[in-house]
K.L.:
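One structure coming up, written as structure tokens, with questions to follow.
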Amino acid sequence: MMNRKILFALLAAGVFTAVGCQNPPVTQDSPISQEQPQPTEKVFSGVVPCADCAGIETTLQLAEDGTYILGQTYLEAKSEKNTFFETGHWVRNGKKIVLSDQDGKKSYYLMKGESVVMLDINGEPIQSDFNYELDKVKPKKLAGEYRYFADSALFTECGTGKRYDAAENIDLERGYGATGVEGGTPVYVEIEGYYTVRPSMEDGLFDHAVIQTGKIRFDKAASCHTKK
């Protein structure tokens with residue numbers, strides 16, 4: 001696994017994503033309307049086939065410094081542990097993206113427009129009628145409930161109930177504080193942003209994370225339940 005201290009140093013230097021720099025305070029009634037910085041990383045996501053599960057939910061993050069994080073969740077898998085993360089370095093060779101993990105093992109993807117397609121262990125197309133394509137993740141409107149307590153920030157997506165680490169988003173923290181709720185109370189929020197993967201606070205672990213890149217609107221009177 002990539003050293004946690006190195007990864008957090010890269011994050012602090014702004015290598016992965018420039019978010020929340022010099023933005024004005026956010027309140028419940030005045031969402032951000034200024035132009036926001038766009039992601040400097042490339043993130044691809046999709047569900048690829050699985051021999052003994054319902055599919056592998058895959059997120060591939062390619063950082064500009066040549067490092068990557070690959071997150072894979074085996075859907076409806078029988079084993080207790082079904083989410084795995086891999087880190088390493090990536091290079092682009094023509095239209096091919098070559099990933100080299102911490103042990104030197106390589107895997108391959110092919111650029112296809114704004115998407116990437118998983119290749120076999122030899123870097124050749126997989127001969128199958130199944131879909132191995134991962135779509136490029138772009139900022140969009142996300143709806144969920146946000147809570148902040150004791151330096152821990154969490155965003156729960158309304159549609160799926162999935163939880164995402166939101167620690168990198170200073171504007172979400174400020175907007176949450178402006179609502180006046182007690183720390184830890186979930187508040188409904190709509191944001192412009194995207195999902196990716198990030199190093200966890202625990203050494204050697206990773207989290208699925210949300211990154212805010214645009215407007216934020218908190219609404220204390222609403223919830224995921226009322227917005228259905």
Side-chain angles (χ1 to χ4, degrees), residues 1-2 4 7 16-17 39 41-63 66-140 142-144 154-166 193-200 202-211 224:
M1 286 291 183
M2 182 178 291
R4 168 174 166 270
L7 284 168
F16 288 111
T17 308
E41 64 191 9
K42 292 183 176 65
V43 183
F44 303 89
S45 181
V47 178
V48 299
C50 175
D52 54 0
C53 69
I56 306 173
E57 189 176 72
T58 303
T59 300
L60 173 62
Q61 179 229 76
L62 304 176
T67 60
Y68 77 87
I69 304 175
L70 177 67
Q72 296 178 306
T73 298
Y74 288 71
L75 304 176
E76 300 180 18
K78 295 180 180 179
S79 59
E80 183 175 340
K81 180 176 175 57
N82 66 342
T83 299
F84 303 87
F85 292 93
E86 171 187 308
T87 63
H89 290 81
W90 69 277
V91 295
R92 181 169 176 174
N93 184 4
K95 288 190 174 183
K96 281 186 181 180
I97 293 174
V98 183
L99 308 181
S100 300
D101 70 12
Q102 297 300 294
D103 298 320
K105 182 180 177 182
K106 297 184 183 302
S107 53
Y108 305 87
Y109 291 82
L110 180 69
M111 295 295 300
K112 181 183 177 183
E114 291 193 314
S115 301
V116 296
V117 180
M118 184 185 297
L119 301 176
D120 67 17
I121 59 174
N122 298 312
E124 299 297 331
I126 297 174
Q127 302 302 317
S128 172
D129 292 330
F130 293 108
N131 183 19
Y132 287 86
E133 188 169 333
L134 303 179
D135 296 324
K136 183 178 180 180
V137 174
K138 299 179 181 180
K140 62 180 181 179
L142 306 174
L154 187 68
F155 177 85
T156 303
E157 186 179 48
C158 282
T160 64
K162 291 182 179 179
R163 296 182 177 181
Y164 296 87
D165 175 70
Y194 66 98
Y195 299 124
T196 185
V197 283
R198 283 289 188 264
S200 172
E202 298 183 50
D203 195 15
L205 299 180
F206 298 83
D207 293 318
H208 291 281
V210 63
I211 300 297
C224 284

K.L.:
Nearest 0.5 Å, please: how far is OH in Y109 from OG1 in T58?
P.N.:
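Here the rounded value is 6.0 Å.
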
K.L.:
Please check if the side chain of K112 supplies one atom and the backbone of E133 the other of a donor-acceptor pair under 3.5 Å.
P.N.:
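Checking the backbone N and O of E133 against the side chain of K112, no donor-acceptor pair under 3.5 Å is found.
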
K.L.:
What closest approach, in Å, do K136 and E114 show between heavy atoms, and which atom pair accounts for it?
P.N.:
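Looking at all heavy atoms of both residues, the closest pair is CB-O, 2.8 Å.
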
K.L.:
Parallel, tilted or perpendicular: which one describes the rings of F155 and Y195, with boundaries at 30° and 60°?
P.N.:
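Geometry flag for Y195 against F155: tilted rings.
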
K.L.:
Between M111 and I97, is any pair of side-chain heavy atoms under 4.5 Å apart?
P.N.:
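The answer is yes; the side chains approach within 4.5 Å.
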
K.L.:
Supply the atom-to-atom distance L75 CG to I56 CD1, rounded to the nearest 0.5 angstrom.
P.N.:
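One finds 8.5 Å between CG of L75 and CD1 of I56.
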
K.L.:
Below 30° counts as parallel, above 60° as perpendicular, anything between as tilted: where do the rings of H208 and F85 land?
P.N.:
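Aromatic pair H208/F85 classed tilted.
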
K.L.:
Would the distance check show the side chain of K81 and the main-chain N or O of T83 forming a donor-acceptor pair, the cut-off being under 3.5 Å?
P.N.:
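Judged by distance alone, yes, a pair lies under 3.5 Å.
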
K.L.:
Write down the atom of G144, the atom of C158, and the distance for their closest heavy-atom approach.
P.N.:
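Between these two residues, the closest heavy atoms are CA-SG, 3.5 Å.
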
K.L.:
Can you confirm whether Q72 sits close enough to V48 that some side-chain heavy atom of one is under 4.5 Å from a side-chain heavy atom of the other?
P.N.:
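No; the side chains remain at least 4.5 Å from each other.
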
K.L.:
For the NZ atom of K106 and the CG atom of D101, what is their distance to the nearest 0.5 Å?
P.N.:
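Between atom NZ of K106 and atom CG of D101 there are 9.0 Å.
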
K.L.:
Which heavy atom of I69 sits nearest to which heavy atom of P199, and what is that distance?
P.N.:
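That would be CD1-CD, 4.2 Å.
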
K.L.:
Surrounding NZ of K140 (heavy atoms of other residues, nucleotides or ligands, distance under 6.0 Å), is the total greater than 12?
P.N.:
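Counting other residues, nucleotides and ligands, NZ of K140 stays at 12 neighbours or fewer.
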
K.L.:
To the nearest 0.5 angstrom, please state how far the OG1 atom of T196 sits from the OH atom of Y164.
P.N.:
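Spacing of OG1 (T196) from OH (Y164) equals 11.0 Å.
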
K.L.:
Hey, are E86 and K105 close enough for a salt bridge, meaning a charged N less than 4.0 Å from a carboxylate O?
P.N.:
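Looking at E86 and K105, the cut-off is not met.
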
K.L.:
Suppose the criterion is salt bridge (Lys or Arg N to Asp or Glu O under 4.0 Å): which pairs have a residue in residues 50-59, not counting sequence neighbours?
P.N.:
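Listed by first then second residue: E57-K162.
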
K.L.:
Please report the closest heavy-atom contact between Y194 and E41, naming both atoms and the distance.
P.N.:
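Y194 and E41 have their closest heavy atoms at OH-OE2, 2.6 Å.
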
K.L.:
Which residues pass the side chain to side chain contact (heavy atoms under 4.5 Å, CB included) test with N122, sequence neighbours left out?
P.N.:
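N122: side chain to side chain contact (heavy atoms under 4.5 Å, CB included) contacts with D120, E124.
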
K.L.:
Yes or no on side-chain hydrogen bond (donor to acceptor under 3.5 Å, both in side chains) for T73 and N82, after CA distance, side-chain angles and deciding distance?
P.N.:
CA-CA 6 Å; T73 298; N82 66 342; 5.8 Å; no

K.L.:
Show the nearest heavy-atom pair for residues C53 and Y74, with the distance to one decimal.
P.N.:
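Minimum heavy-atom separation between C53 and Y74: SG-CD2, 3.8 Å.
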
K.L.:
If you measure from CZ on F44 to CD on Q61, what distance do you get to the nearest 0.5 Å?
P.N.:
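Those atoms lie 11.0 Å apart.
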
K.L.:
Nearest 0.5 angstrom please: K42 NZ to K138 NZ, how far?
P.N.:
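Atom-to-atom, K42:NZ and K138:NZ are 12.5 Å apart.
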
K.L.:
What pair of heavy atoms forms the shortest contact from S115 to D135, and how long is it?
P.N.:
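Of all heavy-atom pairs spanning S115 and D135, the closest is OG-OD1, 3.3 Å.
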
K.L.:
Determine yes or no for a side-chain-to-main-chain donor-acceptor pair under 3.5 angstrom, with R92 supplying the side chain and G94 the backbone.
P.N.:
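At least one qualifying donor-acceptor pair exists.
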
K.L.:
Under the criterion side chain to side chain contact (heavy atoms under 4.5 Å, CB included), which of L60, T67, L99 is the partner of W90?
P.N.:
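Answer to the side chain to side chain contact (heavy atoms under 4.5 Å, CB included) test with W90 among L60, T67, L99: L99.
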
